[in-house]
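Proteins get letters first, then strands, A, B, ... in listed order; numbering begins at 1 in each. Because the structure is predicted, anything quoted here is derived from the model rather than measured.
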Amino acid sequence: MEKKKGKMPTLLDFADKRSQPNLGIEEIIAKEVSAKNEKEQMVHNANQSTRTTTESETKLLWYSIIDEAVINNAHLLSYYYDSERNTALLCFYDEDRNTLVYWYDKTDHKPYFIVSEEPTEAEKLIPKDLKGRVVSLERIEKVNPLSMKKEKYTKITVTDPLAVKELRGRFRDSWESTIKYHQNFIYDRRLIPGYKYKVSGKILAPVEIGSTSAKDLRTVFDGESEEVQRFAEELYGLFELPPPIPKMVAIDVEVYSPYANRLPNVATAPYPILSIAIAGTDGRKKVLAISYPHASKSPIKDKFLGEIEVEIFDSEHAMLMEAFRILGDYQVIYSYNGDNFDLPYLRNRARVLGFRPQEVPIREFQDYYTFKRAIHIDLYKVFENKALKTYAFGGNYRENTLDSVAMSIIGVGKVKIEESPGMLGISKLVEYNYRDAEITLALVTWKNFLTWKLLILLSRLTKTGIEELSRSQISNWIRNMLYWEHRKRNFLIPKQEDILKHKKEIKSKAIIKGKKYAGAIVLDPPVGVFFNILVLDFASLYPSIMKVWNLSYETVNPSYECRNLKEIPDVKHVVCMDRKGMTSLMIGTMRDLRVKVYKKKSKDKNLSNEQKEWYNTVQSALKVLLNASYGVFGSDAFALYAPPVAESVTAIGRFTIMSTIKKALALGLRVLYGDTDSMFIWNPEKEALTKLVGEVEKEFSLDLEIDKEFRYVAFSGLKKNYLAVTNSDEVVIKGLLGKKRNQPEFLKSSFSEVIVMLKEIKTPKDFSEIHDKIKDKVKEIYRRLKNMGYTLDELAFNVMLNKDIDGYVKNTPQHVKAALLLKNFDRRLVKGDIISYVKVKNKEGVKPVAMAKLSEVDVDKYLEIARTTFEQILKTINISWEDIEGVARLESFFGK
DNA sequence: GAATTCGCACAGCCAT
DNA sequence: ATGGCTGTGCGAA
């Protein structure tokens with residue numbers, strides 16, 4: 001056998017690297033299994049032609065035990081249910097030794113659920129064959145939040161989570177039986193994922209934060225109840241603890257595929273893995289590859305390709321061995337789409353190649369994959385998350401592909417290739433493969449580990465392990481956060497139907513058909529340009545309303561006796577003010593902390609840049625949660641769905657803004673426009689403003705703030721549709737067609753050319769001067785369009801498929817028509833893809849860019865589109881489209 | 001696998 | 001043909 005470049009790992013390598021080993025999730029099982037398999041193992045190893053693995057080496061590779069150690073700085077990152085042991089299994093990052101530590105529950109916690117029958121009665125309902133799995137039936141007391149009374153229930157404790165599933169249907173009523181066991185464990189033990197613990201035997205003690213909170217919080221929460229102050233302090237503790245920064249790595253796998261545009265089947269993993277790229281926070285830049293037929297197309301001269309270390313193996317088996325060994329150095333492993341591809345493929349391919357289960361460091365769970373000795377975060381799931389995308393990552397990327405996300409976040413995309421990876425020469429393959437790992441890692445290291453820190457903070461806030469957090473949407477996070485709080489207060493966690501039964505029906509009517517209840521108010525804006533406009537808005541209006549009006553699912557329309565009932569305007573719901581509602585407390589406090597503490601800290605000149613950055617991440621994490629905190633109550637997918645709560649929030653919002661506008665008018669302020677929580681005021685008088693803010697604060701306990709000061713605002717007369725320039729020359733464009741991402745490039749770019757001109761306007765006088773220039777510009781665009789002076793790409797609409805193609809049953813929109821044409825060309829099209837098409841003069845009216853010719857473009861259609869787009873601007877400055885069209889026509893008529 | 005409603009533009013579909 | 005309604009995508013809040 002010819003010796004290839006690259007070194008084979010030796011036993012010594014393993015020993016050195018493992019002087020500080022991570023603790024294996026499978027250590028116990030593995031020990032047992034490996035003893036049993038020893039013989040088989042040796043036979044198996046002997047069969048491996050490319051390298052021999054000794055039995056002791058295999059054992060050392062994966063399993064090592066530190067079970068009774070005391071670990072002082074252990075960050076709780078993730079947790080699982082271990083079915084072999086029947087216990088919760090917690091995964092900590094040990095800061096001191098830079099490893100992961102796995103801790104089996106030693107507190108004898110068991111799965112359970114709650115029923116209403118008396119224990120004797122309940123026992124009769126348990127079938128014989130399940131009796132053995134029932135540990136105990138116990139009478140307990142819990143506060144039912146819907147009745148606000150202590151009520152008696154029976155707690156049925158069982159041996160395993162599956163027993164809960166099998167038993168729960170046999171009772172009249174059951175509660176808390178659909179909560180995942182490992183999550184249940186977190187709630188009951190009041191553990192805070194993302195937080196730091198001292199682990200010793202059966203004790204998990206949270207690390208204390210020095211009580212520096214007093215000074216920071218006192219003034220802000222001075223008038224608040226003790227309950228609120230306590231909650232604020234708890235949260236404060238979560239924010240003050242610095243985040244752990246373990247050793248992290250990003251991986252990406254390239255697989256041979258005989259089909260150009262298709263990845264091979266993951267389940268059977270029939271084709272070889274060509275290469276594995278590894279980019280670590282420790283500076284490791286490495287690609288492992290096998291030698292494959294096309295490799296020689298672009299050979300690599302030495303061990304390195306630029307900075308990338310390349311190691312070529314003559315067996316795929318050996319390559320996987322080495323990759324698995326390297327990954328053992330890291331506590332957190334990132335992938336992009338690893339749950340759906342890289343991890344299962346690695347795992348299944350390894351099995352195909354003859355690896356034994358315990359040799360494969362990848363673990364399969366019901367809905368994701370992870371590593372046995374490392375946390376796995378699939379960044380595709382993170383950057384796909386709607387709440388994070390919009391409120392934390394800027395919302396600038398449309399497609400959730402690695403290329404488009406990385407482009408938007410770090411400005412670097414994938415390496416473009418024309419062929420499938422297996423057809424590339426090795427040098428190109430390595431470059432391509434490594435770039436993927438590199439940009440995946442960059443999505444995390446970006447802005448000093450912002451992504452990771454955000455996940456850690458959200459993990460702490462919502463009591464959700466980082467692996468689950470990174471894979472679930474915001475309703476899940478908020479549910480976990482509230483469930484944890486229920487347990488803390490010994491509240492029964494109600495079922496969705498319990499809440500719905502108690503809360504009565506919806507009282508308002510939505511404007512839009514198909515919506516459940518009425519939302520916000522939008523004022524009709526005027527048409528034209530207005531100078532000196534000040535925008536007032538309520539600082540996080542909906543969360544503030546929930547706070548001030550004590551809105552919570554258990555306080556709205558209470559079915560218990562209430563001394564102090566308050567009516568909700570417009571919707572005829574009532575809210576009980578007797579005691580603080582749970583969500584009102586939590587959301588209100590989070591809101592205050594964000595607005596009054598962390599936004600300020602993030603700009604505090606006395607703090608270091610690093611501290612400011614951290615506090616900015618804190619306020620951003622809070623923002624993500626707060627923005628969804630009202631919406632989830634209006635979503636039937638939310639476990640604590642409470643439509644009257646959502647409806648009350650918007651009703652109070654309408655009431656508040658209308659009352660405020662009335663006050664403003666009474667003070668002589670000219671309100672031109674408003675949307676939900678904002679008011680555009682023309683030429684305001686300082687005094688009246690101050691007065692208004694004071695009255696609103698006094699009457700509604702809401703903060704009215706100056707949001708923007710515009711030199712001028714150009715209103716098109718349409719709602720949610722205007723252009724404005726601030727006194728500091730910042731252009732703000734809302735809703736205008738020329739800004740929409742699916743519009744053709746020629747429109748967007750010519751639109752921004754006009755915007756540049758508008759930016760120059762300082763006074764009403766300038767307007768008349770710029771008037772003609774804008775007119776000329778638009779005319780020019782019109783002419784160019786008439787003469788087809790644009791390329792197909794510039795003319796293309798780019799519209800997203802929000803469903804898979806066969807999901808469009810009611811009608812066939814244009815982008816779907818184009819997609820169907822593309823499908824004939826064997827282009828794989830799925831939900832989330834963006835279709836580029838142009839409007840043409842055939843029966844269908846559209847063609848994909850890839851198939852169209854410039855000559856068949858429907859010019860008239862494009863002229864129409866240009867018209868509506870520019871009209872939104874032209875209207876404001878009193879130019880009519882007829883002016884443009886008419887003159888342009890005359891000119892071209894006489895000019896040629 | 002799941003935060004909400006309001007608003008705009010356009011094409012498709014159906015009835016007149 | 002015309003007009004109203006619906007479905008769809010994308011944005012504002």
Side-chain angles (χ1 to χ4, degrees), chain A residues 367 381 384-391 395 398 471-479 496 506 508-525 535 537-538 540-543 587 624-643 645-647 649-651 653-654 657 673-679 707 716-722 732-743 797-803 807-818 831 834-835 837 839 844-846 861 864-865 867-869 871-872:
Chain A
D367 34 24
K381 303 262 170 79
E384 178 195 48
N385 184 292
K386 281 188 214 96
L388 291 178
K389 189 177 182 170
T390 320
Y391 300 112
R398 263 177 102 193
R471 288 170 173 83
S472 57
Q473 296 294 324
I474 199 155
S475 66
N476 239 315
W477 307 350
I478 296 181
R479 180 203 62 198
Q496 208 189 49
I506 282 163
S508 65
K509 203 166 169 287
I511 288 178
I512 299 171
K513 228 165 124 185
K515 299 294 179 195
K516 286 171 285 194
Y517 57 90
I521 280 184
V522 188
L523 299 189
D524 235 326
V535 181
D537 79 347
F538 291 98
S540 44
L541 179 65
Y542 286 178
I587 291 162
V624 169
L625 287 178
L626 288 167
N627 274 319
S629 61
Y630 130 78
V632 291
F633 285 102
S635 164
D636 59 10
F638 181 53
L640 298 169
Y641 177 43
V645 171
E647 196 186 17
V649 173
T650 57
R654 293 192 296 273
I657 192 166
Y673 175 61
D675 183 348
T676 311
D677 61 355
S678 67
M679 281 154 291
D707 183 33
S716 66
L718 299 169
K719 293 173 176 180
K720 299 183 189 284
N721 198 282
Y722 59 86
V732 176
I733 302 169
K734 297 293 182 187
L736 297 189
L737 274 170
K739 209 187 133 188
K740 293 209 173 185
R741 292 187 287 190
N742 58 350
Q743 292 285 60
F797 288 85
N798 301 290
V799 180
M800 183 177 280
L801 286 171
N802 282 335
K803 305 183 252 197
Y808 294 88
V809 284
K810 303 233 162 86
N811 50 29
T812 313
Q814 295 205 311
H815 66 299
V816 179
K817 282 185 175 167
K831 181 176 164 180
I834 289 176
I835 312 296
Y837 67 89
K839 303 207 178 214
E844 301 269 86
V846 290
K861 277 267 187 272
E864 270 304 297
I865 292 149
R867 184 174 72 83
T868 41
T869 302
E871 243 173 19
Q872 291 183 343

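- Across the protein-nucleic acid pair, K389(A) atom NZ and dA3(B) atom P stand 13 Å apart, rounded to whole Å.
- Considering only side-chain N and O atoms, S635(A) lies under 4.0 angstrom from the phosphate OP1 or OP2 of dT4(B).
- One interatomic measurement links the two molecules: CG of D707(A) to P of dA12(C), which rounds to 14 Å at whole-angstrom precision.
- More than 12 non-hydrogen atoms from other residues, nucleotides or ligands lie less than 6.0 angstrom from NZ of K516(A).
- Contact annotation: T650(A) does not reach the phosphate of dT5(B) (side-chain N/O to OP1 or OP2, under 4.0 Å).
- dC6(B) atom P lies 20 Å from atom NZ of K734(A), rounded to whole Å.
- OP1 or OP2 of dC10(C) lies within a sub-4.0 Å distance of a side-chain N or O belonging to R398(A).
- Y722(A) comes within 4.0 angstrom of the backbone, heavy atoms only, and of no base.
- Under 4.0 angstrom from either OP1 or OP2 of dG7(C) there lies no side-chain N or O belonging to K803(A).
- Relative orientation of the Y517(A) and Y630(A) rings is perpendicular, given thresholds of 30° and 60° on the angle between their planes.
- The residue among D524(A) and G631(A) whose nearest nucleotide of DNA chain B is located toward the 5' end is G631(A).
- Contact annotation for A510(A): backbone-only contact, meaning every heavy-atom pair under 4.0 Å involves sugar-phosphate atoms and none involves a base.
- Residue T676(A) places none of its side-chain N or O atoms closer than 4.0 Å to OP1 or OP2 of dA12(C).
- Remark: the backbone N or O of A518(A) is not paired with any side-chain donor or acceptor of E647(A) at under 3.5 angstrom.
- Counting any heavy atom pair closer than 4.0 Å across all strands shown, T812(A) reaches sugar-phosphate atoms only and no base atom.
- Closest to the side chain of K740(A), from the set dG12(B), dA13(C), dC8(B), is dC8(B).
- Separating the NZ atom of K839(A) from the C1' atom of dA9(B) is a distance of 10 Å, rounded to the nearest angstrom.
- Here K817(A) lies in heavy-atom contact (under 4.0 Å) with sugar-phosphate atoms only.
- Heavy atoms of Q872(A) sit under 4.0 angstrom from primed sugar atoms or phosphate atoms, though from no base atom.
- OP1 or OP2 of dG11(C) has not a single side-chain nitrogen or oxygen of K719(A) nearer than 4.0 Å.
- Looking at the side chain of K861(A), the nearest of the listed nucleotides dA11(B), dT5(B), dA12(C) is dA11(B).
- Here dC10(C) is the nucleotide among dC10(C), dA9(B), dT5(B) with the atom lying nearest to any side-chain atom of V799(A).
- Across all strands shown, Y517(A) has heavy atoms under 4.0 Å from sugar-phosphate atoms exclusively, and none from any base.
- Both Y808(A) and I733(A) sit near DNA chain C, but only Y808(A) has its closest nucleotide nearer the 5' end.
- At the phosphate of dG9(C), OP1 or OP2 sits under 4.0 Å from a side-chain N or O atom of N802(A).
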### Task
Show your reasoning for whether side chain to side chain contact (heavy atoms under 4.5 Å, CB included) applies to I657(A) and T676(A).
CA-CA 7 Å; I657(A) 192 166; T676(A) 311; over 6 Å; no
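- Within the 4.5 Å cutoff, the side chain of D675(A) has no heavy atoms near those of the L523(A) side chain.
- For the OP1/OP2 pair of dT8(C) and a distance below 4.0 Å, the side-chain nitrogens and oxygens of K810(A) include no atom meeting the criterion.
- Within 4.0 Å (heavy atoms only), I512(A) reaches at least one base atom of the nucleic acid.
- Atoms OH (Y630(A)) and P (dT5(B)) sit 6 Å apart, rounded to a whole Å.
- Backbone-only engagement by G519(A) is indicated by non-hydrogen atom pairs under 4.0 Å involving sugar-phosphate atoms exclusively.
- Nucleic acid contact class of D537(A) (heavy atoms, under 4.0 Å, all strands): none.
- Within 6.0 Å of the NZ atom in K803(A), the count of heavy atoms belonging to other residues, nucleotides or ligands exceeds 12.
- Residues A637(A) and A518(A) both approach DNA chain B. Their nearest nucleotides, taken by heavy-atom distance, put A637(A) toward the 5′ side.
- When the nucleotides dG7(C), dA13(C), dA3(B) are ranked by their closest atom to the side chain of N811(A), dG7(C) comes out on top.
- S629(A) places none of its side-chain heavy atoms less than 4.5 Å from the side chain of Y542(A).
- Distance I511(A) CD1 to dT4(B) C1': 14 Å, rounded to the nearest Å.
- For dT8(C), neither phosphate oxygen OP1 nor OP2 lies less than 4.0 angstrom from any side-chain nitrogen or oxygen of H815(A).
- The separation between I657(A) atom CD1 and dC6(B) atom P is 14 Å, rounded to whole Å.
- Side-chain nitrogen and oxygen atoms of K720(A) include none within less than 4.0 Å of the OP1 or OP2 phosphate oxygen of dC6(B).
- Checked against dA9(B), dA13(C), dT8(C), the side chain of T868(A) finds its nearest nucleotide in dA9(B).
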